[in-house]
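In what follows, a structure is listed as structure tokens, so that the remarks can point back to it.
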2 protein chains.
Amino acid sequence: MKEVKSSFHVSCKNCGLQKVCFPTGLNREDVERLDNIVDRRPPLKKGVHLFQAGDSFNALFAIRAGVIKLYSFTDNGEEIVHGFYLPGDVLGIDALGSRMHQYNAMALDTTSVCTLPFEKLNELSENIPNLSQQILNVISKEVLDGRMHSELLIRRNADQRVAQFIYNMSERHRHRGYAGSEFRLSILHRDVAVYLGLTPETVSRILAKFHADEIVTWKKKEVFIHNMHRLQDVIGMHHECEKQTIDR
Amino acid sequence: MKEVKSSFHVSCKNCGLQKVCFPTGLNREDVERLDNIVDRRPPLKKGVHLFQAGDSFNALFAIRAGVIKLYSFTDNGEEIVHGFYLPGDVLGIDALGSRMHQYNAMALDTTSVCTLPFEKLNELSENIPNLSQQILNVISKEVLDGRMHSELLIRRNADQRVAQFIYNMSERHRHRGYAGSEFRLSILHRDVAVYLGLTPETVSRILAKFHADEIVTWKKKEVFIHNMHRLQDVIGMHHECEKQTIDR
DNA sequence: ACAAAAAATTGATCCAAATCATTTTTTAAA
DNA sequence: TTTAAAAAATGATTTGGATCAATTTTTTGT
């Protein structure tokens with residue numbers, strides 16, 4: 001509580017997420033123009049919804065801090081977790097066609113978001129060519145992430161899924177300038193299990209094994225990767241080409 | 001071979017797919033403007049690629065006739081099938097961000113496509129507001145289809161997956177004005193198995209069962225749905241609300 | 001700080017779908 | 001049309017992860 005929240009601090013041009021978030025590829029001037037349309041509201045408390053299925057769509061959201069779970073339910077009430085959104089990620093793409101949100105977005109921890117009113121964003125993008133490309137990038141990322149998720153579900157066994165999930169989270173933290181081998185992760189094992197198409201029991205057993213094998217420890221929201229090399233081995237990665245596989 | 005292929009016949013405004021394809025929601029005049037930028041080439045023979053991973057992107061493709069399989073490979077060479085594209089479907093969304101195709105698109109049968117040069121499409125969409133919304137619809141559909149695929153992989157058993165696949169194909173044919181209970185499907189069981197995250201043996205056994213139970217017969221590229229009601233029962237659908245679940 | 005609820009862990013058992021093996025059918029090529 | 005190759009079908013066996021059940025740990029709300 002030491003930091004005073006000044007309006008100066010909360011703007012795109014001073015935001016540490018520029019390289020990950022929307023402003024990527026925009027020049028100083030254009031970032032400022034983007035900044036002007038961004039709406040910032042008080043943080044969401046844990047468990048609060050940013051939007052829910054059926055809500056009308058009028059803005060995209062960029063996560064500033066925290067985590068958001070995007071989820072829905074099957075016809076028979078089983079939960080489906082589509083992804084986890086970290087700072088810099090953009091949420092709301094699913095509603096672009098129907099102008100209505102298709103899924104539920106819930107804060108898993110205290111979460112700040114930047115609201116990007118879609119109409120204003122569109123107007124702005126007519127004058128900033130890089131911005132419309134940036135919108136396409138964000139959309140494309142959403143499609144590609146979905147495909148990676150399917151690949152994981154089709155072709156990986158339980159060990160590999162859990163290992164891949166942790167590895168991806170590590171990479172995403174690393175891209176955001178944090179340590180990739182030690183980070184806080186406010187996601188329930190239960191939610192990870194649903195996301196990976198496994199049961200909580202299976203995830204728990206695998207994490208116990210990874211802990212015993214001194215590969216990864218994940219206890220009380222804190223992840224420690226003790227041996228990145230062996231984690232990659234579990235996934236079946238080739239070490240020479242550490243190609244990045246971003247995931248949710 | 002009775003029909004003479006005139007250039008008159010091959011245009012958006014006379015195309016039977018208007019309601020399914022890109023022109024949805026455009027007025028007569030705008031369809032004509034769209035028509036002018038569309039490039040039509042001779043059909044692709046079975047086994048030929050429309051594009052491959054790594055190819056540079058410069059156009060979206062709308063399928064006019066035939067089927068396209070969108071697929072890739074995992075690091076260890078296993079195939080992943082992302083979807084099957086039927087007449088009216090739009091292909092190439094995955095490349096919008098990187099301007100480079102991420103997957104392989106192969107004709108599973110003789111296939112005609114309409115090429116929509118992306119730059120021209122963008123220019124046009126500045127003057128036709130409905131068109132830019134239509135682009136968003138197509139993109140959004142791609143995201144949503146991917147999520148439906150994940151849901152299938154996570155929450156459905158083998159019987160349900162096969163049943164859902166056949167049901168979705170039936171619906172897609174019905175939307176295109178064909179009979180929903182009897183249609184030709186030029187897709188190998190093997191490819192369906194890969195798409196559904198199953199083995200060919202499992203798919204074969206399930207089809208044998210569906211045949212014996214007089215629910216569905218799929219032999220030699222021809223599908224007959226004998227009992228739609230029971231097919232829906234396998235999926236676990238509620239009959240009263242026949243909500244449509246489009247799939248690839 | 002304490003009580004109640006939720007989440008995670010751990011063990012025992014079971015089953016759906018994979019794998020392995022072979023035969024039959026279909027498709028493509030000569 | 002014949003032949004070779006690919007795909008599909010069918011049977012026997014195995015197994016990874018689900019399910020069921022009970023305990024321990026962590027979180028939450030008062």
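Every chain is numbered from 1, with letters handed out A, B, ... down the list of sequences.
- Residue B:Thr199 places no side-chain N or O under 4.0 Å from the OP1 or OP2 atom of C:dA17.
- Residue-level contact check: B:Gly197 touches the backbone only, with heavy atoms under 4.0 Å from sugar-phosphate atoms and none from bases.
- For A:Leu196 and D:dA18, the CG to C1' distance is 15 Å, given to the nearest whole Å.
- For B:Lys46, the listed nucleotide lying nearest its side chain is C:dT27; candidates were C:dT27, D:dT27, C:dA16.
- Atom NZ of A:Lys45 is separated from atom P of D:dG29 by 11 Å (rounded to the nearest Å).
- Between C:dA18, D:dG17, C:dA8, one nucleotide has an atom nearer to the side chain of A:Ala158 than all others, and that is D:dG17.
- The separation between A:Leu108 atom CG and D:dT28 atom P is 12 Å, rounded to whole Å.
- C:dA12 atom P lies 11 Å from atom CZ of A:Arg205, rounded to whole Å.
- Remark: C1' of C:dT27 and NZ of B:Lys220 are 10 Å apart, rounded to the nearest angstrom.
- DNA chain D is contacted by both A:Lys221 and A:Arg156; A:Arg156 maps to the nucleotide lying nearer its 5′ end (nearest heavy atom per residue).
- In this structure, B:Glu201 atom CD and C:dA16 atom P are separated by 18 Å, rounded to whole Å.
- One interatomic measurement links the two molecules: CZ of A:Phe210 to P of C:dT9, which rounds to 13 Å at whole-angstrom precision.
- Side-chain contact annotation: A:Thr115 with A:Asp39, donor-acceptor N/O pair under 3.5 Å absent.
- When only modelled atom types and interatomic distance are considered, A:His82 and A:Ser72 share a side-chain donor-acceptor pair under 3.5 Å.
- The heavy-atom pair separating A:Gly197 from A:Leu153 by the smallest distance is N-CD2, 4.1 Å.
- Residue B:Ser204 places at least one side-chain N or O under 4.0 Å from the OP1 or OP2 atom of D:dA9.
- In this model, the phosphate group of D:dA9 is approached by a side-chain N or O of B:His189 to a distance below 4.0 Å at OP1 or OP2.
- A:Leu198 comes within contact range of the sugar-phosphate backbone alone, with a heavy-atom separation under 4.0 Å but no base atom that close.
- Atoms NZ (B:Lys209) and P (D:dA8) sit 19 Å apart, rounded to a whole Å.
- Between B:Ser150 and A:Ser150 the shortest heavy-atom distance is OG-OG, 3.5 Å.
- One finds no side-chain N or O of A:Thr202 lying less than 4.0 angstrom from the OP1 or OP2 phosphate oxygen of D:dG17.
- For the pairing with A:Arg147, the side chain to side chain donor-acceptor pair (under 3.5 Å) check across B:Gln102, B:Glu142, B:His149 returns one residue only, B:Glu142.
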